[in-house]
Amino acid sequence: FQLQASGGGLVQPGGSLRLSCSASGSTLENYAIGWFRQAPGQERQGISCITNRDGTTRYSDSVKGRFTISIDNAKNTVYLQLDSLKPEDTAVYYCGTYLTYYSGNCRLTEQIYDYWGQGTLVTVSS
C-alpha cells in the first residue's frame, strides 16, 4: 500500500493550490485519510482528515474555512484544496492513512497513522 502526495508549489499570499494523495495497492474503502504539515523547525501537525466510510471531515483551527478535503474513490485519491493561502501555511504537506471500520470523526493523531506519502512542499511567498 503506497501513497503519493503531489501538487505543491510556490504561490502568492491569497492564492490557491490543490494537493493530491493517490493510493495504490489497496482501495481507501476502510481508511481514514489525513493531511499533516511540517514547517521548518516545527513538529508535524495534523490539519485535516476524512473518514471514507461516511465522508466525515475534520479540520484544525488553523485551516478551517480555508482548506477543503475531499475524496474521489473512483480514482483512489484524496484532495486538499488550499485557498486563501498565507505565508504561515508554508510547509511540507504529507498525507497518511489508518484503517478504520467506524464512521464518524477521524483523528489527527500522528501516531495512529500506518502509511504515509513522501510529502509535497508548499511555499507561500510574494
Side-chain angles (χ1 to χ4, degrees):
F1 188 13
Q2 292 186 326
L3 299 173
Q4 183 169 0
S6 61
L10 173 64
V11 63
Q12 293 185 342
S16 298
L17 282 174
R18 189 177 76 160
L19 306 184
S20 300
C21 177
S22 298
S24 60
S26 175
T27 69
L28 293 169
E29 180 178 359
N30 292 313
Y31 285 88
I33 305 91
W35 283 96
F36 290 68
R37 67 184 182 186
Q38 187 168 21
Q42 297 185 20
E43 294 184 350
R44 189 156 58 180
Q45 63 170 180
I47 56 172
S48 184
C49 59
I50 184 167
T51 303
N52 198 12
R53 290 185 69 84
D54 65 354
T56 301
T57 59
R58 183 174 182 177
Y59 300 92
S60 68
D61 289 342
S62 60
V63 307
K64 194 175 298 181
R66 299 188 299 121
F67 293 4
T68 305
I69 192 170
S70 61
I71 188 166
D72 185 338
N73 282 303
K75 295 183 179 180
N76 223 29
T77 298
V78 176
Y79 302 99
L80 188 67
Q81 178 68 36
L82 286 59
D83 296 319
S84 303
L85 282 162
K86 306 174 181 179
E88 52 263 43
D89 294 318
T90 295
V92 178
Y93 285 69
Y94 300 88
C95 59
T97 64
Y98 66 92
L99 189 66
T100 179
Y101 294 100
Y102 296 103
S103 300
N105 279 334
C106 48
R107 296 171 63 185
L108 291 173
T109 306
E110 183 177 355
Q111 288 76 11
I112 69 170
Y113 284 72
D114 300 312
Y115 300 98
W116 292 93
Q118 81 286 5
T120 185
L121 176 62
V122 173
T123 303
V124 185
S125 176
S126 56

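Taking CG from Leu10 and CG from Leu17, the interatomic distance works out to 9.0 Å, rounded to the nearest 0.5 Å. In this structure, the separation between OG1 on Thr97 and CG on Asn52 is 11.0 Å, given to the nearest 0.5 Å. To the nearest 0.5 angstrom, Arg18 atom CZ is 11.5 Å from Thr68 atom OG1. Remark: Leu99 CG to Phe1 CZ distance equals 9.0 Å, nearest 0.5 Å. Between Thr100 atom OG1 and Tyr31 atom OH the span is 11.0 Å, to the nearest 0.5 Å. Within the model, atoms NZ of Lys75 and OG of Ser22 stand 9.5 Å from one another, a figure rounded to the nearest 0.5 Å.
Leu19 and Leu108 fall into different hydrophobic clusters, where Ile, Leu, Val, Met, Phe, Trp and Tyr side chains are chained together by heavy-atom contacts under 4.5 Å. Cluster annotation: Val11 and Phe67 are assigned to the same hydrophobic cluster (Ile/Leu/Val/Met/Phe/Trp/Tyr, side-chain heavy-atom contacts under 4.5 Å, transitive). Connection of Tyr79 to Leu85 is not established within any shared hydrophobic cluster, with ILVMFWY side chains joined at heavy-atom distances below 4.5 Å, either directly or through further cluster members. The hydrophobic clustering, which links ILVMFWY residues whose side-chain heavy atoms are closer than 4.5 Å, places Val63 and Leu121 apart.
A donor-acceptor contact shorter than 3.5 Å is absent between the side chain of Ser20 and the backbone of Ser6. Remark: side-chain polar atoms of Asn73 are not paired, donor with acceptor, to backbone N or O of Leu28 under 3.5 angstrom. The main-chain N or O of Arg107 is found under 3.5 Å from a side-chain atom of Tyr98 such that the two form a donor-acceptor pair. Within the 3.5 Å criterion, the main-chain N or O of Tyr101 finds a donor-acceptor partner in the side chain of Arg53. Between the side chain of Asn76 and the backbone N or O of Ala23, at least one donor-acceptor pair lies under 3.5 Å.
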>> For Ser125 and Thr123: C-alpha separation, side-chain torsions, deciding distance, then whether side chain to side chain donor-acceptor pair (under 3.5 Å) applies.
In response: CA-CA 6 Å; Ser125 176; Thr123 303; over 6 Å; no
Donor-acceptor contacts, no H, no angles, side chain residues 41-50, under 3.5 Å, sequence neighbours left out:
{"from": "Arg44", "atom 1": "NE", "to": "Glu110", "atom 2": "OE2", "distance (Å)": "3.0"}
{"from": "Arg44", "atom 1": "NH2", "to": "Glu110", "atom 2": "OE2", "distance (Å)": "2.8"}
{"from": "Gln45", "atom 1": "OE1", "to": "Arg37", "atom 2": "NE", "distance (Å)": "3.2"}
{"from": "Ser48", "atom 1": "OG", "to": "Arg58", "atom 2": "O", "distance (Å)": "3.1"}

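A salt bridge does not link Asp89 with Lys86: every distance from a Lys NZ or Arg NE/NH1/NH2 to an Asp or Glu carboxylate oxygen is 4.0 Å or more.
Residues Pro13 and Ser126 come closest through the heavy atom pair CD-N, 3.7 Å. Across every non-hydrogen atom of Leu3 and Gly96, the tightest pair is CD1-CA, 3.9 Å. For the residue pair Asp54 and Ser103, the shortest heavy atom distance occurs at OD2-CB, 3.2 Å.
Aromatic pair Phe36/Trp116: centroids less than 6.0 angstrom apart.
The shortest distance between side-chain heavy atoms of Tyr113 and Tyr94 does not fall below 4.5 Å. Within the 4.5 Å cutoff, no side-chain heavy atoms of Asn105 are placed close to those of Thr51. In this structure, Tyr115 and Ser26 have side chains that are not in contact, with every pair of non-hydrogen atoms separated by 4.5 Å or more. Contact check for Leu82 versus Val124: no side-chain heavy atoms found under the 4.5 Å cut-off.
At most 12 heavy atoms of other shown residues, nucleotides or ligands fall within 6.0 angstrom of atom CD in Glu29. Within a 6.0 Å sphere centred on OH of Tyr102, other residues, nucleotides and ligands contribute 12 heavy atoms or fewer. Annotation for Gln118: atom CD counts as buried by contact number, over 12 foreign heavy atoms lying within 6.0 Å.
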